[in-house]
Amino acid sequence: MLELPELETYKKLLSEQIINKRITGVAVKEEKLLNSEPSAWSKELQGREVLYIERRGKQLLFHLDNGKRLLLNLGLAGQIQYDEQGSEDGSAANAQVMIYFGEHALRLHGIRQGYAHLLSAKEADQLLTDLGPELLDRKMNLERFRVLFARKRGMLKSALVQQTFVAGIGNGYADEIAFEAALLPSAKLQDLSEETVERLYRSTLTVLNDAIENGGLGEQPLNAQDQLTGGYKSHVRVIERDGQPCERCGALIQKAEIGSRRTYYCANCQKEQ
DNA sequence: AGAGTCACCCGGACGC
DNA sequence: TGCGTCCGGGTGACTC
C-alpha cells in the first residue's frame, strides 16, 4: 500500500532528517532502478544537498542544490528506511540503493515497477505532466472537483485510482473513500447528483487527511524512532476487513473484484448514488 | 474517444 | 536454508 498518505508520511519524516544535509556517498545494488550508469548516477548525487522534498501523486521529488531532481517512484511495494549506519535491521542486506548522509543511510528496498531517476527540472516536469490534479492542493476546491467529476463517466473506483484523472490514490484508499462517501465502488459517476459529488469530495478529504495525520498504512517504520508510520491501520473500515462487521451498519464487509481490482465494501450501506 | 478488461512485471512471503 | 510457487497493484495494450 503506497499511496498519497504513505508518501506524505515519508516526505514528512524524511524532511525532518535529510534537509540541508550533504550526500556523502551512494551505493547501488540494483541498476535497473536508475536512469543512467551507476557510476555517473552516483557521481551526480555525491556532495549534493537536498533542499526540500515534494510529493506529486505517488512520487517523491527530491530537489537538489544543483537544480536537479531525484524522482523516486516506489512502485508496488517499495520501502524507505533512514538509520544510522550500523543500526540497520536485516532488511539492510536487500537494499537496492543506499544514499549516505554522513553516518546515516537512506535505504531503498522492495521497489517493484518503480525507479529512482536523476533528472533536470524540465525533465521531471515533463514526466509529471500527465498526472491529474492533487486533491489536497490549495488550488483544489469543491467547484473544481465538481467540474472534474462532471466530465467523467464510469465506475467511481476506476476513476479514483486513475492517476491521469486524480493523482495519488490507489487500490486501498479508493475503497476507504467510497465507504466514507457511502457509495459503492461500482457506482456510476454519471448517476451522481451534485449533492452526492459534494459528499464524495468531503469524503475524499476526510479519508486522505485522516490517513496522513495518522501516518498512513505503511508496513515498516522509517527507523526506530518512527512512531507515526502505519498508525492509520486501526482506522481502516473496509480494506482487508472482509467477513467482519461494518462499523456503520453491522453487515459483513464483502470482498470482490471490481474493475479487475481487489475491492472491499459494505453491500448494505454503500449505495449506487 | 473513452471505458472496461487483461496480461505483465517481479520482490517478497510462504510452504515444504 | 534453499528452492519453487503464488500474490498483487500499477501500467499500458487491447477490445468494444
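Because the structure is a prediction, the values reported are computed rather than measured. In what follows, chains are A, B, ... by sequence order, proteins preceding strands, each numbered from 1.
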[X] has a side chain; which of [options] sits nearest to it?
X       : options                   : value
R153(A) : dA3(B), dG10(C), dT11(C)  : dA3(B)
Q96(A)  : dG12(B), dG11(B), dG10(C) : dG11(B)
Q163(A) : dG11(B), dA3(B), dT11(C)  : dT11(C)
Q113(A) : dT5(B), dG10(C), dG12(B)  : dG10(C)
K32(A)  : dG9(C), dC6(B), dG11(B)   : dG11(B)
E30(A)  : dG11(B), dA3(B), dG9(C)   : dG11(B)
H109(A) : dG4(B), dG12(B), dG10(C)  : dG12(B)

Without decimals, in angstroms, what is the distance between [X] [atom1] and [N] [atom2]?
X       : N       : atom1 : atom2 : result
Q220(A) : dA13(B) : CD    : P     : 9 Å
I258(A) : dG10(C) : CD1   : C1'   : 18 Å
I111(A) : dG9(C)  : CD1   : C1'   : 15 Å
E257(A) : dA7(B)  : CD    : P     : 12 Å
L160(A) : dG10(C) : CG    : P     : 12 Å
K29(A)  : dC10(B) : NZ    : P     : 20 Å
R262(A) : dT5(B)  : CZ    : C1'   : 19 Å
L4(A)   : dG9(C)  : CG    : C1'   : 16 Å

Name the nucleic acid region contacted by [X], choosing base, sugar-phosphate or nothing; use a 4.0 angstrom heavy-atom cut-off, strictly under.
X       : answer
Q162(A) : nothing
L2(A)   : nothing
K157(A) : nothing

Quiz item: Is the phosphate of dG9(C), meaning OP1 or OP2, less than 4.0 Å from a side-chain N or O of K58(A)?
Solution: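 Checking dG9(C) against K58(A), no side-chain N or O comes under 4.0 Å of OP1 or OP2.
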Quiz item: Which of these passes salt bridge (Lys or Arg N to Asp or Glu O under 4.0 Å) with D175(A): K255(A), R262(A), K157(A)?
Solution: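 By the salt bridge (Lys or Arg N to Asp or Glu O under 4.0 Å) criterion, D175(A) pairs with just one of K255(A), R262(A), K157(A): K157(A).
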Quiz item: Does R248(A) make a cation-pi contact with F179(A), if we ask for NZ or CZ under 6.0 Å from the ring centre and within 45° of the axis?
Solution: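 The answer is yes, since R248(A) meets both limits relative to F179(A).
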Exercise. Inspect the contact between K12(A) and E8(A) and indicate whether a charged nitrogen and a carboxylate oxygen are less than 4.0 angstrom apart.
Key: no
Quiz item: Do E134(A) and R55(A) meet the salt-bridge criterion of a basic N to acidic O distance under 4.0 Å?
Solution: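 So R55(A) pairs with E134(A) through a salt bridge.
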Practice problem: For K188(A), look at atom NZ and say whether over 12 heavy atoms of other residues, nucleotides or ligands are found less than 6.0 Å away. | Solution: yes
